[in-house]
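Contents: one structure, followed by commentary.
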Amino acid sequence: MPDRQSIEKRRIERDIRAKRARMRAARRRRNIRVFFCITIFSIIAIIATIIIVAHSVSDKTEHRDKGIKAFNKGSYDEALKEFSISINTEQLFSSKMDFDSNLYIAACHMRTGDYGEASKCYKKMIDEYSSSSATIDKDEIVGMQLLADALDQSSRGDISTNTIDQLKKEYEAGNKSISIYLGTCYQQMANYEDMIKYYDIYTEEYGLNTYIAYQLSAYYLDTGDTETATSIVNKGMNAEDDLYMDKLLYNDIIITERNHDYVSALNKAKSLTDNYPNDETYKKEYDFLYSRVNIDTNPVHTEGDADVTD
């Protein structure tokens, strides 16, 4: 029969094992609670992130869409505001959208005559081109910046013989892109022969853009050469940019009108005014064509009216 000391020893050992078992169970319960709390917190964090991102995506896209609608209506100040809000709304993987919005912002400045600001926008896009998800070729942006610079200089009346000479030296040194600059300067100086020459050089090297297509087609319309104007408008419709597409479409309407196809011209004018309802020139052209197509065939006076006396 075991002695008292052995019995006491075994009892102590059982107590120790039981205590350790209780501690292990307590740790498991604590770990389960911690894991549960972490899981719940993670789920909440994920849901919150999804909500924030979804809200951000929605806001960013919504403001961009509003900007596009305002731009198409010719409300350029409103468009600038909406595009700026969209760009400043943080969102992952949105560099492509932001690049496109910046193109619209530069276009707004171009259409409002703020060519210097447009040039800054294009330069920023060129500087950041390698790190952006660009939606057009870099050369196209370079061409747009040169155009903005040319228009900025001509709008300030800074064109001089010295300016032309410097541009020609740059061109003769191999910078063919300067030809759009020269063409625009000569256009402002009403030297249309050299305007055509340098616009053609730029087009041959870099392709036709909507600005050159609009200016050349307008020139040929003014000179009565509808056939050449038509050819340029048709080519301009396939240009990669749409900066001056509405003005090109307007020239297309004028060509159609001159060909006496008033019904087709009216349909084109309706489409243009639907997209640009704030442009007075487009409205007047639509109103004229509408009155031309919908002529009242009923005479104002009839023979019976002559017999009526007071």
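None of the values given here were measured: they were computed from a predicted structure. Positions are given from 1 along the sequence. Note: hydrogens, waters and symmetry copies are ignored here, and every other heavy atom, side chains too, is used.
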Worksheet item: Within 45° of the six-membered ring axis of Tyr262 and under 6.0 Å from that ring's centre, is NZ or CZ of Arg292 located there?
Response: yes
Worksheet item: Picking from Asp100, Asp59, Asp98, what satisfies salt bridge (charged side-chain N to carboxylate O under 4.0 Å, His left out) with Arg64?
Response: Asp100
Worksheet entry | NZ/NE/NH1/NH2 to OD/OE distance under 4.0 Å, Glu280 and Lys283 | yes
Discussion item. Less than 4.0 angstrom from a charged side-chain N to a carboxylate O is my criterion; do Glu193 and Lys197 meet it?
Written reply: no
Worksheet item: Are Thr203 and Lys235 side-chain neighbours, meaning at least one heavy-atom pair lies under 4.5 Å?
Response: no
Discussion item. With rounding to the nearest 0.5 angstrom, report the CD to CD1 distance, Glu62 to Ile85.
Written reply: 10.0 Å
Worksheet item: Taking side chain as C-beta onward, heavy atoms only, is Asp200 less than 4.5 Å from Glu204?
Response: no
For residues 248-255, which side-chain N or O atoms pair as donor and acceptor with protein atoms under 3.5 Å away, sequence neighbours left out?
from   : atom 1 : to     : atom 2 : distance (Å)
Asn251 : ND2    : Tyr214 : O      : 3.3
Asn251 : ND2    : Ser217 : OG     : 2.8
Asp252 : OD2    : Lys268 : NZ     : 3.1

Practice prompt. Using a cut-off of 6.0 Å, state whether more than 12 heavy atoms not belonging to Glu205 lie near its atom CD.
Written response: yes
Worksheet item: Checking Tyr206 side chain against Ser177 main chain: does a donor-acceptor pair fall under 3.5 Å?
Response: yes
Worksheet item: Between Asp152 and Ala148, is there a donor-acceptor pair closer than 3.5 Å when you use the side chain of the first and the backbone of the second?
Response: no
Worksheet item: So, Thr184 side chain and Ile180 main chain: donor-acceptor pair closer than 3.5 Å or not?
Response: yes
Discussion item. Assess, by modelled atom type and distance only, whether the side chains of Ser75 and Asn278 contain a donor and an acceptor separated by less than 3.5 Å.
Written reply: yes
Discussion item. I'd like to know if the side chain of Lys270 and the backbone of Tyr286 have a donor-acceptor N/O pair within less than 3.5 Å.
Written reply: no
Worksheet item: Would you call Met195 and Asn191 a side-chain contact if the rule is heavy atoms closer than 4.5 Å?
Response: no
Practice prompt. Any chance you could lay out the side-chain contact (heavy atoms from CB on, under 4.5 Å) test for His109 and Leu80, step after step, and finish with the verdict?
Written response: CA-CA 9 Å; His109 290 307; Leu80 281 170; 3.9 Å; yes
Practice prompt. Indicate yes or no for a side-chain donor-acceptor contact from Lys73 to the backbone of Tyr276 under 3.5 Å, with no hydrogens or angles considered.
Written response: no
Worksheet entry | Working for side-chain contact (heavy atoms from CB on, under 4.5 Å), residues Ile201 and Tyr198 | CA-CA 5 Å; Ile201 289 171; Tyr198 284 103; 3.9 Å; yes
Fill in: Validation row: Tyr244, Met110 side chains within 4.5 angstrom (heavy atoms)
yes
Discussion item. What I want to find out is whether Arg111 reaches Asp246 closely enough, with some N-O distance under 4.0 Å, to be called a salt bridge.
Written reply: yes
Discussion item. Testing the basics here: between Gly67 and Phe83, what is the closest heavy-atom pair and its distance to 0.1 Å?
Written reply: C-CZ, 3.3 Å
Worksheet item: So Ser119 and Tyr115, side-chain contact (heavy atoms from CB on, under 4.5 Å) or not? Walk me through it.
Response: CA-CA 6 Å; Ser119 177; Tyr115 305 119; over 6 Å; no
Discussion item. Looking only at the aromatic ring of each residue, does the gap between the centers of Tyr192 and Tyr186 stay below 6.0 angstrom?
Written reply: no
Item to complete: Kindly say whether Tyr211 contributes a backbone atom to a donor-acceptor pair with the side chain of Asn209 at under 3.5 angstrom?
Response: yes
Item to complete: Please assess Met237 against Met245 for the test side-chain contact (heavy atoms from CB on, under 4.5 Å), listing each intermediate value before the final yes or no.
Response: CA-CA 7 Å; Met237 298 287 192; Met245 185 60 76; 4.1 Å; yes
Worksheet item: Counting distance only, does the side-chain N/O of Arg258 pair as donor-acceptor with the main-chain N or O of Leu221 below 3.5 Å?
Response: yes
Worksheet item: Looking only at side chains, do Asp241 and Thr210 share a donor and an acceptor under 3.5 Å apart?
Response: yes
